[in-house]
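All values below were derived from every heavy atom in this structure, side-chain atoms included, with hydrogens, water molecules and symmetry-related copies excluded. Order of the sequence lines fixes the chain letters, A, B, ..., with proteins taken first and strands second; residue numbering starts at 1 for each chain.
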Amino acid sequence: MAQEEINELLQVRRDKLDTLREKGVDPFGRKFDRTHTAEEILDRYDELSKEELEEKGERVAIAGRLIAKRKQGKASFAHLQDMSGRIQIYVRKDRVGEEQYDVFSMADLGDWLGVEGVVFKTNRGETSVKADSVTFLSKSLRPLPEKFHGLKDVELRYRKRYLDLIMNPEVKDTFITRSRIISSIRRYLNDRGYLEVETPTMHTIPGGAAARPFITHHNALDIDLYMRIAIELHLKRLIVGGMEKVYEIGRVYRNEGISTRHNPEFTMMELYEAYADFHDIMDLTENLITHVAKEVLGSEQVEYDGQKIDLAKPWARKSMVDLVKEHVGVDFSQQLSDEEARKLAEEHGVEIQPNHTFGHILNEFFEQKVEDKLIQPTFVYGHPVEISPLARKNDEDPRFTDRFELFIVGREHANAFTELNDPIDQRERFEAQLREKAQGNDEAHPMDEDFLEALEYGMPPTGGLGIGIDRLVMLLTDSASIRDVLLFPTMRERD
RNA sequence: GAGCCAUUAGCUCAGUUGGCAGAGCACCUGACUUUUAAUCAGGGUGUCCCAGGUUCGAAUCCUGGAUGGCUCACCA
């Protein structure tokens, strides 16, 4: 509370706190033996008639936050909210006694109460609990947001998520769905013999992706460390070590812009499987996501931002070259010099950097002209080698790699490839990245000698996959912003 | 990083041409033993985001700043 002035609303609640203590009631009570949640009571008894309920006389103990109160003299109706939902309580002075009724009368919206009583149905037909006793569980010293309109202010919703959760039930549903999605992924992979592992989030070399890292410092070792931008290189070391099917679900950190689709820390699932290639990983990705949709939503059809998305298999599989040909009419399968490619970019209004070569330019064509048109699930494969320093080259055409990305609603949802396991080629790729860095690409991949050494011991042919969990949750919960699927999105500090 | 928009009571929001700071909910007092956005009677609780400026007078106009939202850029 420190510097904040105590206004009348806050003072009134503090005064009530003192009054409760004078009455011998602990305002920050203790353990309460709950027998039912609100949902359990409604599930079990809502079907019964008023008379049937009366006959049954079912005794329950419920607990929750007081979120509505309608006092009517010597009797009151109120609603308690718990994790499962809301339920009405009916408190009569002649039933709970004068002392408890006084305490209940003093309760503010936001206070936590426990109620023991009998399930009944009101004249208006709402299944409710008629209180035999009311136990004060915890005092709320601050007023809740407005009961009808809820908490609308987007900034407050993100900064004070607990208020958002109290006032806006659909918010809780989103995060419950998020939890179920992640559980479903784990179950799917665990059932198929993939081993969940945990690798460092603080790296000495920030690799596995193209992104600017956060830098931190270890005092005792006196070294700078980087928060990981990907999980990739450690998981591949485990493949070298003979852990043939591994995955990790964890936070990665990228020191880049914030938007409705980007948060500085976000959750990735990365998976590696020995003896597999990117075709196997494509099948796995398709199976995994449809499985999760079916298990969590009970449907393979989802609606996102008003668009109907069909997640039922099979998904389109198209090469980047074919898609560019289809959407722009430019054929990158032919042998083009960098100069010719640059000229095509200019002709088609595709913006490129001066140091861009054939592969970069193809990628720019794809990103600027095709990407946002891929609404239904589409695997895009055959990425240029220049932008894929960790992927195996294609056997037929070494300008391309055996890599794919999954696009849904115009956004990348997964990235995967047949892993590059040739340490000599990998060293050359890193060196090419160093040349890009020298030319000003500060997101080029750094040299990682320790990783190269691991590859030199021999890594089996391997397929790898990365899925952006937050984006998948956005898709499956029809959330417009990544902040709506993160409990506490990154916000600037406020004075 | 750029553009557009927003910021007024605890919350949701009005505020006209620059002329006393408003409503609903919440809260306080009273009435009320089946209400449910309970109702009825009474009560206004404020750094109008911040700092300057213009003006007799600024929530309102101007300049700068803060925070947030959306779009774009970077990226996943």
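- A/Phe120 comes within contact range of at least one nucleobase, with a heavy-atom separation under 4.0 Å.
- B/U34 is unpaired under the Watson-Crick or G-U wobble criterion, no partner having all donor-acceptor distances under 3.5 Å.
- Counting non-hydrogen atoms under 4.0 angstrom, A/Leu163 reaches nothing in the nucleic acid.
- Base pairing analysis places B/C61 opposite B/G53; the two distances defining the Watson-Crick or G-U wobble pair are each below 3.5 Å.
- Among A/Glu198, A/Glu270, A/Glu248, the single residue meeting the salt bridge (charged side-chain N to carboxylate O under 4.0 Å, His left out) criterion with A/Arg228 is A/Glu248.
- Comparing the P positions of B/G22 and B/G30 gives a spacing of 27 Å, expressed to the nearest Å.
- Contact annotation for A/Gly466: no contact, since no heavy-atom pair falls under 4.0 Å across all strands.
- Across the strands present, B/U45 finds its partner in B/A26; the criterion is a Watson-Crick or G-U wobble pair with both atom distances under 3.5 angstrom.
- The distance between atom OH of A/Tyr158 and atom P of B/G69, rounded to the nearest whole Å, is 7 Å.
- When both pairing distances are held under 3.5 Å, B/A21 makes no Watson-Crick or G-U pair with any nucleotide shown.
- Side-chain atoms of A/Arg92 come within donor-acceptor range of the base of B/U33, with a qualifying N/O pair under 3.5 Å.
- A/Arg261 comes within 4.0 angstrom of a nucleotide base, judged by non-hydrogen atoms across all strands.
- Classification of A/Asp470 and A/Arg178 as a salt-bridged pair holds, one side-chain N sitting under 4.0 Å from a carboxylate O.
- Spacing between B/U17 and B/G57 at atom C1', rounded to whole Å, works out to 14 Å.
- In a base pair of the Watson-Crick type (N1 to N3 plus N6-O4 or O6-N4) or a G-U wobble (N1-O2 and O6-N3), with each distance short of 3.5 Å, B/U71 is matched with B/A2.
- Taking the six-membered ring wherever Trp is involved, the centroid distance between the rings of A/Tyr226 and A/His203 does not fall below 6.0 Å.
- Nucleotides B/A31 and B/G18, compared at atom C1', are 46 Å apart to the nearest Å.
- At the heavy-atom level, A/Gly257 lies under 4.0 Å from base atoms of the strands shown.
- Heavy atoms of A/Thr260 sit under 4.0 angstrom from primed sugar atoms or phosphate atoms, though from no base atom.
- A/Asp15 comes within 4.0 angstrom of nothing in the nucleic acid, heavy atoms only.
- Residue A/Arg254 is classed as a base contact, given a heavy-atom separation below 4.0 Å to a base.
- Residue side chain A/Gln72 does not reach the base of B/U39 through any donor-acceptor N/O pair under 3.5 Å, judged by distance alone.
- Summarising the geometry, the separation between CZ on A/Arg86 and P on B/U36 is reported as 17 Å, rounded to the nearest angstrom.
- For A/Glu126, there are no salt bridge (charged side-chain N to carboxylate O under 4.0 Å, His left out) partners at least two apart in sequence or on another chain.
- Phosphate proximity of B/A26 to A/Lys147: present, with a side-chain N or O under 4.0 Å from OP1 or OP2.
- Heavy atoms of A/Lys130 sit under 4.0 angstrom from at least one base atom.
- For the P atoms, the distance linking B/A59 with B/U16 amounts to 12 Å, nearest Å.
- B/C49 sits 14 Å from B/A14 when the P atoms are compared, rounded to a whole Å.
- Annotation: B/C11 and B/G52 have their P atoms spaced 25 Å apart (nearest Å).
- Heavy atoms of A/His413 sit nowhere under 4.0 angstrom from any nucleic acid atom.
- Listed pair A/Arg124 / B/U35 meets the phosphate criterion, a side-chain N or O lying under 4.0 Å from OP1 or OP2.
- Within the nucleic acid shown, A/Lys74 comes within 4.0 Å of at least one base atom, counting heavy atoms only.
- Nucleic acid contact class of A/Ala78 (heavy atoms, under 4.0 Å, all strands): none.
- At the heavy-atom level, A/Met167 lies nowhere under 4.0 Å from the strands shown.
- A/Phe400 has its ring centre no less than 6.0 Å from the ring centre of A/His383.
- Under the 6.0 Å cut-off for aromatic ring centres, A/Phe77 and A/Tyr90 qualify, their centroids lying closer than that.
- At the heavy-atom level, A/Arg95 lies nowhere under 4.0 Å from the strands shown.
- Two rings, from A/His445 and A/Phe430, have their centers less than 6.0 Å apart.
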